[in-house]
Structures are given as structure tokens and as C-alpha cells.
Amino acid sequence: MPLVDPVTMPSTIAKGVTAQAQATSSRTTSTPPLATYALYPVQIKQTPLAQAARYALPALLAGIFAVRFRALVADPVSTMSTTLPLTAALQVAYAVLCLPVAGSQGGGGAKGARKHKARPGEGGPGSKKRPEGTGPSAVVTSLLSLLLSLLITPFLYAAMVLFGAPFLTHGAHTLLCAAHLAVLALFPLFYIHGVDGAAWAAVGSFSAPLDETFGGLVGGVVGAWLGAVPIPLDWDRDWQSPITGNTTMQPPTAAASPAQPPDQSPAHYQEKAPSNYKGFVAGVFSGIAKLAVGHPFDTIKVRLQTTTSTRFSGPLACLTQTLRNEGLVGLYKGATPPLVGWMFMDSVMLGSLSVYRRLLHENLFNPPWHPLHDPTTPLPAHGHGLAGILAGATVSFVAAPVEHVKARLQIQYAAKKSERLYSGPVDCVRKVWRHHGIGGVYHGLQATLLFRSFFFFWWGSYDLFSRWMRQHTSLSAPAINFWAGGLSAQVFWVFSYPSDVVKQRIMTDPLGGGLNDGVRRFPRWKDAAKAVYRESGAMGYWRGFLPCFLRAFPANAMALVAFEAAMRALPG
């Protein structure tokens with residue numbers, strides 16, 4: 001039946017009979033689903049007061065933030081608590097003065113993909129105006145919208161925890177931050193759309209026009225994303241020193257000078273042993289947290305990389321179809337191999353990276369036999385890049401079988417295990433080994449070696465970012481490690497992503513033979529690369545990049561939070 005706005009619902013029996021007759025006749029034609037509706041851009045009221053308020057009230061909000069910034073840093077809970085009512089009042093004033101109320105003409109209502117009778121509350125050019133005084137009350141609507149926004153706050157709180165906010169501590173900080181985001185980003189949308197399902201379907205699928213209200217939501221989400229770093233930790237703790245260490249070989253300090261050698265007694269090492277133990281165990285928890293947050297993004301990425309647009313039109317379609325057909329478990333297919341493999345992969349990568357850095361520094365860039373030898377000269381950025389290439393090649397022999405098994409499990413679309421070729425990672429390894437031997441397990445090794453050669457950009461840019469931050473910022477070493485690591489990872493993906501697409505095509509290619517999984521399509525790397533271009537053109541090499549890009553920061557932020565919590569909880 002057609003959607004009916006309760007505000008304009010006929011109140012007389014005659015009108016009710018007419019509406020019932022119209023509803024009965026409409027059953028013969030199919031109503032477009034919610035996803036087929038688009039929205040009109042919201043039109044700001046044309047009164048002089050509204051035009052002035054649309055600029056003045058946002059400026060006031062920004063001014064309040066600027067004035068109270070120092071207090072916010074010093075006492076965030078108290079400052080956010082006292083600022084929230086003022087923020088809500090300014091938002092209510094903005095909505096009442098500038099925006100059309102839900103259910104009124106021009107309210108940004110939904111417009112069908114095909115012609116149909118305009119629904120109550122539907123805005124747009126040519127819509128008929130209501131008689132003055134018969135529309136919904138702006139005051140009542142604003143209060144209801146504010147209530148709905150605050151009811152969404154717990155869900156935003158849960159999302160913030162998922163994307164990196166502390167779970168066991170700083171609860172008031174996160175809850176107040178979620179409340180501010182709900183008032184700033186969601187309140188205007190509730191005010192103009194109410195609970196119109198078609199409108200919220202368009203907003204949720206990001207197909208709404210970028211007007212002031214939807215732009216506020218996008219700006220709030222982007223701002224929260226850019227600021228999605230863990231709530232400030234005690235950065236000066238010993239166990240929070242950067243994992244990769246000080247790789248720029250700074251001049252030795254006085255404490256490490258020959259005149260004052262460090263304590264080399266056994267007791268000194270016995271004191272450090274618990275810290276190493278805690279770091280290893282905390283690293284396991286960190287990997288679990290990273291997997292819990294990041295693996296669904298990786299599953300969507302792999303499925304987009306290994307299919308065409310005829311199956312999934314984009315990340316959102318892939319997500320919704322996976323949840324509908326396979327449930328939440330479908331997003332975690334292939335999670336076991338990386339959970340086990342990451343412990344070895346990270347150890348091999350970081351350990352070999354340190355070795356290669358030292359070897360390159362001592363034997364190529366600053367050898368002791370060279371006349372200009374200076375032990376305080378740091379390894380240059382391209383030296384870090386070369387060490388990254390060597391470390392990437394080394395870890396590929398661990399990563400290739402892990403990523404191969406993970407990818408094959410991720411593209412099994414059947415919801416029931418009985419309908420899948422592989423019941424799990426062990427079954428996958430056993431069947432591939434039985435029919436194709438060690439070569440089958442390492443299928444895609446050459447593509448993995450090529451993909452990980454782009455570690456040059458990762459570790460080269462990491463050195464550039466960290467060196468610049470040390471010279472131009474007052475950030476602590478762990479904070480520099482966090483930001484330089486995140487930014488350099490994005491640089492790495494920008495350069496390496498096309499090779500990752502080809503690698504995934506090769507790793508998910510049927511092996512044939514006794515597996516009976518199909519006919520092999522890509523015997524060589526260039527065959528897979530050509531197939532991607534033939535199917536989707538140049539943009540095919542970037543299919544699935546969005547979930548890959550979005551995965552990086554929340555996964556690493558959650559890993560850092562888990563690492564800190566484990567280090568605090570472990571004894572010793």
C-alpha cells in the first residue's frame with residue numbers, strides 16, 4: 001500500500017473511504033521498493049532571517065569549539081557535558097529557522113523512480129502548498145527529532161568502540177562524543193525526513209543529494225573518521241615504545257656512551273624479560289582485534305576483486321548480499337589462516353626488516369671501510385625502501401600459502417558448509433596438497449613476491465613521514481610511529497593495489513585436476529592482468545579499493561586499544 005503521512009491522514013469518513021478505494025486500486029500495480037526512491041535537495045527557507053541564520057549558527061558552533069578548546073583538552077567530560085545542551089539549542093534554532101519541517105511541502109521527500117502520485121510530505125518543484133496553519137508544528141517536530149537523535153546515541157557509541165574507542169575505559173568520553181555527533185549530524189535529517197523509510201534508505205545508501213542536511217552527516221562522519229585515533233594514552237610508558245624501534249640510527253646518548261655503558265648484568269635482562277613476554281602476548285590480542293574489525297572489509301575487498309560488476313555493483317551491494325545470503329559469519333570466511341599466520345608473518349617481516357636495514361647501512365650506504373664513514377649517519381629513505389623489498393620477499397614465503405587459503409575460503413558463497421568445496425582451512429590445505437602438492441599450496445607465490453615488492457613505498461615513506469614529524473612536531477615517539485605507520489600504509493596501498501587485484505585473481509583461479517573446481521584460466525601473471533583490463537578496463541584494477549582504504553585506520557586503532565588493554569592486564 002502507498003505510504004501515508006500521519007499528519008495529513010484524512011479525518012472524515014468520506015475521505016477515509018476515498019483513500020481506501022485508492023489504496024485498493026493501487027494493489028494492481030507494484031509500488032517501487034524503497035531503494036528505488038531518490039530525494040529532492042532540501043531547500044533552505046527564503047526568508048531574510050533564514051538566510052542569515054544558515055551562516056550565523058554554524059559560525060557560532062565553530063566559535064564555541066574554538067573558545068572552549070583548551071577546556072576540552074583539560075577536562076573533556078565536563079566540557080562536553082556543558083556544551084551539549086548549547087549545541088542542541090543551536091541545532092534546534094537552525095532547524096526551525098532554516099529547514100522545512102517533516103511532512104510539509106518542500107520537505108525533501110522521496111520521489112519515485114517512475115511517475116506516481118505524490119505522497120504527503122513530498123517536496124520538489126511544482127508541489128502544492130498547504131493552507132497556512134495546517135502543517136505540522138516545528139517546535140513539536142524539533143523536540144521529537146532531538147529525542148530520536150539521542151536514542152541513536154548508544155548505537156553510535158557501539159560503532160565508535162568498534163572503530164577504535166576504548167571499551168573498558170573512557171566510557172563517558174565516548175558516549176558524550178557520540179551524543180554530539182548525533183545532534184550535529186542526525187538531528188537535521190530527522191527534522192526534515194521524520195521516520196520516512198524511503199528517505200532514510202536513500203540516506204543510508206549515500207544516494208541522497210548533497211544538500212546542507214546530508215552534507216552535515218557526511219561532514220560529521222568524515223570528521224569523526226579523520227579524528228578516529230584512540231583517546232590519548234600515557235605515551236611515556238616503556239612498553240609503548242615503537243615496535244620497529246629507532247631505525248634512523250641517531251647519535252648515541254650520554255647514557256649509551258663508552259664512558260657510561262649500559263648495565264649488562266643478567267639481572268638487567270631478567271627485568272626486561274617480563275616486558276618482552278607481555279609484548280608478545282599483547283601482540284596476539286592485538287592481532288585478534290585487528291582481525292575482528294578488519295576481516296569483514298577484507299572479505300568485501302577480495303570478493304569485489306575477484307568478480308565483475310554483474311555480481312556486485314559495489315561495496316554496499318556486496319555487503320548487503322553477503323549478510324542476506326550468508327549472515328554475519330559470511331564476512332569472516334577465511335579468518336582462521338590470517339589469525340594464525342599473522343603472528344609468524346609480522347615476526348618475520350619486522351625481524352627481517354631490522355636485519356636488512358642494518359646490513360644495508362653497514363655494507364652499502366655507510367660501510368666502515370669508506371673514507372667518509374660516519375656511524376651517526378642515518379639510513380636514507382631509499383635504503384629503508386630497499387630493506388622493505390627484501391623483507392617483503394622474505395615474508396612472502398610465509399604469506400603466500402596463508403593468503404592463498406584465505407582467498408579461496410572467502411569466495412565460497414554457499415551458506416551451508418555441506419555445499420562448499422572446502423569445509424575449512426585445514427580441509428582446503430589437505431585437498432590442495434593431495435591433488436597439486438607443494439606447488440598448489442604456494443599457488444600465487446610469484447604474484448605475492450611482486451605485490452610485496454611495493455614495500456619499498458611503505459617503508460620508504462614511513463621513514464620520510466617519521467623524520468618530518470620528529471623535526472616539525474612535538475609528538476612523542478609512539479605517536480609518530482602510529483601516524484607515520486598509518487599514512488605510509490595508505491601510500492603503500494595506492495601504489496600496490498592494482499597488483500593485489502591481479503594477485504587475488506590468480507589465487508582464486510580454479511586449480512583443476514582432481515579438485516574438480518573448474519578449468520584454470522590464468523597460467524601466467526599477465527593473463528590475469530589482461531583479463532582484469534578486458535572485463536572492466538583500467539578501473540578494474542581499483543575495484544574494491546574503498547573497503548581496503550577504509551579498513552586501515554579502524555583496524556589499526558582497535559589493535560592499538562587491545563594492545564594497551566592487554567599490557568595493563570597482564571602480570572609482570
Side-chain angles (χ1 to χ4, degrees), residues 297-315 317-318 333-334 337-338 341 345 389 392-393 395-413 421-422 425 428-429 431-433 435-458 492-549 551:
F297 292 89
D298 186 71
T299 298
I300 294 173
K301 173 184 76 76
V302 171
R303 290 189 169 191
L304 290 174
Q305 287 176 331
T306 56
T307 58
T308 62
S309 58
T310 57
R311 186 178 186 99
F312 303 119
S313 59
C318 181
K333 285 184 176 177
M345 289 164 60
I389 293 177
V395 77
S396 292
F397 291 91
V398 180
V402 172
E403 294 180 351
H404 179 209
V405 174
K406 174 182 72 71
R408 291 200 176 275
L409 295 176
Q410 284 176 318
I411 62 166
Q412 294 192 127
Y413 297 99
L421 178 59
Y422 310 112
C428 180
V429 173
K431 288 181 178 178
V432 172
W433 180 282
H435 297 289
H436 297 279
I438 187 67
V441 175
Y442 273 89
H443 181 71
L445 175 61
Q446 292 181 350
T448 304
L449 288 168
L450 176 61
F451 166 70
R452 293 185 181 270
S453 68
F454 288 92
F455 276 13
F456 177 90
F457 299 99
W458 188 347
F492 162 73
W493 278 112
V494 167
F495 282 96
S496 66
Y497 193 80
S499 68
D500 186 55
V501 173
V502 178
K503 174 174 72 74
Q504 297 295 347
R505 285 295 186 96
I506 293 173
M507 286 186 167
T508 57
D509 190 36
L511 293 174
L515 278 176
N516 295 320
D517 59 345
V519 179
R520 189 172 178 180
R521 298 176 56 202
F522 312 125
R524 295 170 298 179
W525 188 91
K526 68 177 183 179
D527 296 325
K530 289 180 179 178
V532 173
Y533 186 83
R534 183 171 59 251
E535 293 170 4
S536 307
M539 291 305 297
Y541 297 110
W542 297 96
R543 182 169 166 80
F545 180 74
L546 181 61
C548 172
F549 182 82
R551 170 185 177 271

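Quantities reported herein were computed from a predicted structural model and do not represent experimental measurements.
Tyr497 places a side-chain N or O within 3.5 Å of a backbone atom of Gly544 that can act as its donor or acceptor partner. For Gln410 (side chain) and Val302 (main-chain N/O), no donor-acceptor pair under 3.5 Å exists by modelled atom type. Here the side chain of Arg543 pairs a donor or acceptor atom with the backbone of Thr308 at under 3.5 angstrom. Of the possible donor and acceptor atoms, none in the side chain of His435 sits under 3.5 Å from a partner among the backbone N and O of Gly513. Looking at Tyr422, its side chain never comes within 3.5 Å of a backbone N or O of Lys431 through a donor-acceptor pair.
By the neighbour-count criterion of 12 heavy atoms within 6.0 Å, atom CD of Gln446 is sparsely surrounded, having that number or fewer from other residues, nucleotides or ligands.
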Hey, mind stepping through Phe522 and Arg505 against side chain to side chain contact (heavy atoms under 4.5 Å, CB included) and telling me if it holds? CA-CA 8 Å; Phe522 312 125; Arg505 285 295 186 96; 4.2 Å; yes
Verify ring pair (Phe, Tyr, Trp, His ring centres under 6.0 Å) between Phe492 and Phe454, making sure each step is shown before the conclusion. CA-CA 7 Å; Phe492 162 73; Phe454 288 92; 7.4 Å; no
Please lay out, stage by stage, how Tyr413 and Thr307 fare under the test side chain to side chain contact (heavy atoms under 4.5 Å, CB included). CA-CA 12 Å; Tyr413 297 99; Thr307 58; 3.5 Å; yes
Test ring pair (Phe, Tyr, Trp, His ring centres under 6.0 Å) applied to Trp493 and Phe451, step by step: CA-CA 10 Å; Trp493 278 112; Phe451 166 70; 5.7 Å; yes
Apply the test side chain to side chain contact (heavy atoms under 4.5 Å, CB included) to residues Leu515 and His436: give CA-CA distance (whole Å), side-chain angles for both, the deciding distance (0.1 Å), then the verdict. CA-CA 9 Å; Leu515 278 176; His436 297 279; 3.8 Å; yes
CA sep, side-chain torsions, deciding dist, call: Lys333, Lys406, side chain to side chain contact (heavy atoms under 4.5 Å, CB included): CA-CA 8 Å; Lys333 285 184 176 177; Lys406 174 182 72 71; over 6 Å; no
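Between atom OG of residue Ser499 and atom OH of residue Tyr541 there is a gap of 11.5 Å, rounded to the nearest 0.5 Å. Expressed to the nearest 0.5 Å, how far OG1 of Thr448 lies from CG of Asp500 amounts to 9.0 Å. Arg303 contributes atom CZ, which lies 6.0 Å from atom CZ of Phe312 (distance to the nearest 0.5 angstrom). In this structure, CG on Leu304 lies 4.5 Å from SG on Cys318, to the nearest 0.5 angstrom. From Leu449, atom CG reaches atom CD1 of Ile389 across 12.0 Å, with rounding to the nearest 0.5 Å. Taking CD1 from Ile300 and SG from Cys548, the interatomic distance works out to 12.0 Å, rounded to the nearest 0.5 Å.
Taking all atoms of both residues into account, the shortest heavy-atom contact from Ile506 to Ala447 is CD1-CB, 3.9 Å. For the residue pair Pro401 and Ser396, the shortest heavy atom distance occurs at CD-O, 4.4 Å. Residues Asp509 and Val519 share a closest heavy-atom pair of OD1-O, 4.5 Å. Contact between Ala400 and Met507 at its shortest, heavy atoms only, is O-CE, 3.7 Å. Of all non-hydrogen atoms in Pro337 and Pro425, the two that sit nearest each other are CG-CB, 3.8 Å. Looking at every heavy atom in both residues, Phe455 comes nearest to Val395 through CE2-CG1, 4.4 Å.
Between Phe457 and Phe495, the ring-plane angle classifies as parallel under the 30° and 60° cut-offs.
Salt-bridge annotation for Arg408 and Glu403: absent, with no side-chain N of the basic residue lying under 4.0 Å from a carboxylate O of the acidic one. Of the charged side-chain nitrogens involved, none lies within less than 4.0 Å of a carboxylate oxygen, so that Lys530 and Asp527 do not count as a salt-bridged pair.
Note on residues 436-447: no pairs pass salt bridge (Lys or Arg N to Asp or Glu O under 4.0 Å), not counting sequence neighbours. Among residue pairs with one or both ends in residues 512-523, those qualifying as salt bridge (Lys or Arg N to Asp or Glu O under 4.0 Å) are Arg521-Glu535; sequence neighbours excluded.
At least one side-chain heavy atom of Lys301 sits less than 4.5 Å from a side-chain heavy atom of Gln504.
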